[in-house]
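Proteins come first, then strands; the chains are lettered A, B, ... in the order of their sequence lines, and each starts at number 1.
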Protein chains: 2
Amino acid sequence: MSGAGQIVVAGLGPGDEAMLTPEVRAALDTATDLIGYIPYVRRVPPRPGLRLHASDNRVELDRARHALALAAAGARVVIVSSGDPGVFAMASALFEALEAAPEHQGLDIRVLPGITAMLAAAARAGAPLGHDFCAINLSDNLKPWSLIETRLRAAVAGDFAMAFYNPRSASRPEGFGRVLDLLRTLCEPTRLLVFARAVSTPDEHLQVLTLAEARPEMADMRTVVLVGNAATRRVGRWVYTPRSA
Amino acid sequence: MSGAGQIVVAGLGPGDEAMLTPEVRAALDTATDLIGYIPYVRRVPPRPGLRLHASDNRVELDRARHALALAAAGARVVIVSSGDPGVFAMASALFEALEAAPEHQGLDIRVLPGITAMLAAAARAGAPLGHDFCAINLSDNLKPWSLIETRLRAAVAGDFAMAFYNPRSASRPEGFGRVLDLLRTLCEPTRLLVFARAVSTPDEHLQVLTLAEARPEMADMRTVVLVGNAATRRVGRWVYTPRSA
């Protein structure tokens, strides 16, 4: 390989190709190397001239370093994330790797946004994030649990609607139950929640229910959970948060 | 008009057609009626058979009622928003209008997400929203100023990164100065901010600076302002928030 390498960090959106932006499509079409978590790399159709580098979960920094090395050698690398790369995904990991590798800071790097899970889920449910809201990653793989609790309390104190990413996984089965328990001490039992699983894929499943009805096992790795603010309400089969509250 | 009417609430993204999703493109291509704020309707190329209903700012509810009436009469209506329709845009207004019009609750309604301004801006800057963050509408047209202050204080207490929509307009020249003054009492002067104006349009302009350097007149109606959390930092020309903080 030779010539000017580059890195594009691209968001594939939630699943359906109809939500993939043309600029991400164009980047995928001209890449020499594709890097990402196995199920995301699998979403890109293989073609001659495109090398695939799929890796397992929790190796984000290794993946970012690999991208830098390939681009430095002249490759046109696309790092794929599901949803938006800047929301609990690969963009932050890439800049963390870049911070530790000053020799690569002259590389051509671009971040291309995508439709993030909470906004795809909100669209399916109506407008539950229709006013001020927070996005919180419930995984404590990289941060202490106390910080998650601090942020939940602050979000409720500010009466923000909320979107929870990574609510529950096989390796973290307990945390989401603690989150629901904490919310039950802070919010009224009629608070509305949306459990949105695998939006825009054949496995899509949407549940709208109250905090009193919510159970930890309703969420898994592919679920984003939306929590309304105190004014969020139902209109027919829809859920929305008024613009004034 | 006759037949089954429908309403699609569609996000046009921040400006560049390369960020418009194929599903929104398809909805625009088959619409009979296009409704929205003047500059957003102007972004859709006119064609025979597409009636344009462009209206001024601050008439969101009238616009939503108009859409319901047209769809009830059999039209295929697309309501366009800039960015994502569920983020400080027309989706919430539509469900508010629907709440007051039970006779229309059987209509075929879909919300199609788009690339919202904060994520387009974040992608240009690096990954400033790379960990937990809040989105706050700084307009007090529909809510009391005290609620904006409560949410700012809560967001800082939770050490969230923040995205401010509608920071400043000709009719609200004062509020954003008050926001910066409040932040200066709560955050360190080196806190990083991104002023991102008209991202992905020919007028795009990005400024990265500290809270000490920020001035109210750096923002206008077309600006989204991102505020890092306490750990947000620069790497070369980029800004990112670590995944662990």
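For A:Glu96 against B:Tyr240, the heavy-atom pair with the smallest separation is CA-OH, 3.6 Å. Residues B:Leu119 and A:Pro113 approach most closely at O-CB, 4.0 Å, considering heavy atoms. Across B:Cys134 and A:Cys134, no two heavy atoms sit closer than the pair SG-SG, 3.0 Å. Of all heavy-atom pairs between A:Gly126 and B:Val111, the closest is O-CG2, 4.0 Å. The heavy-atom pair separating A:Ser244 from B:Leu142 by the smallest distance is CB-O, 3.2 Å. Across all non-hydrogen atoms, the minimal contact from B:Ala135 to A:Phe160 is O-CE2, 4.3 Å.
Within the 3.5 Å criterion, the main-chain N or O of B:Arg151 finds no donor-acceptor partner in the side chain of A:Asp132. In this structure, the side chain of B:Ser92 engages the main chain of A:Thr241 through a donor-acceptor pair within 3.5 Å.
When each of B:Ala93, B:Ala91, B:Ala120, B:Gly236 is scored by its heavy-atom pairs under 4.5 Å with chain A, the top score falls to B:Ala93. Ranking A:Gly158, A:Gly130, A:Ala18 against chain B, the residue ahead of the rest is A:Ala18, based on heavy-atom pairs under 4.5 Å. Looking only at heavy-atom pairs under 4.5 Å with chain B, the residue among A:Glu17, A:Glu60, A:His131 that has the most is A:His131. Between chain A and the options B:Gly106, B:Gly11, B:Ala154, the largest number of non-hydrogen pairs under 4.5 Å is found for B:Ala154.
The structure places CZ of B:Arg25 at 12.5 Å from OG1 of A:Thr21, a figure rounded to the nearest 0.5 Å. To the nearest 0.5 Å, the span separating CZ on A:Arg233 from CD on B:Glu99 amounts to 4.0 Å.
For a residue to count as touching a neighbouring chain, one of its non-hydrogen atoms must lie under 4.5 Å from one of that chain's; by this rule A:Ile109 touches chain B with backbone and side chain alike. Residue B:Met90: no heavy atom, backbone or side chain, is found under 4.5 Å from chain A. Only the side chain of B:Asp84 comes within less than 4.5 Å of a heavy atom of chain A; its backbone N, CA, C and O stay farther away. Residue contact with chain B, scored on non-hydrogen atoms closer than 4.5 Å, involves the backbone and the side chain of A:Ile136 alike. Heavy atoms of B:Asn141 lying under 4.5 Å from chain A are absent altogether. When heavy atoms are compared at a cutoff of 4.5 Å, B:Ala245 approaches chain A solely by way of its backbone atoms N, CA, C and O. Residue B:Ile115 touches chain A through both its backbone and its side chain, counting heavy-atom pairs closer than 4.5 Å.
Here the side chains of A:Arg124 and B:Arg110 are not in contact, with every heavy-atom distance at 4.5 Å or above. Residues A:Val239 and B:Phe95 are not in side-chain contact: their nearest non-hydrogen atoms beyond the backbone lie 4.5 Å or more apart.
Cation-pi check for B:Arg243 over A:Phe88 is not met; the charged atom does not lie both under 6.0 angstrom from the ring centroid and within 45 degrees of its normal.
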Query - Test side-chain contact (heavy atoms from CB on, under 4.5 Å) applied to A:Gln105 and B:Arg237, step by step - result: CA-CA 9 Å; A:Gln105 289 177 12; B:Arg237 71 177 189 84; over 6 Å; no
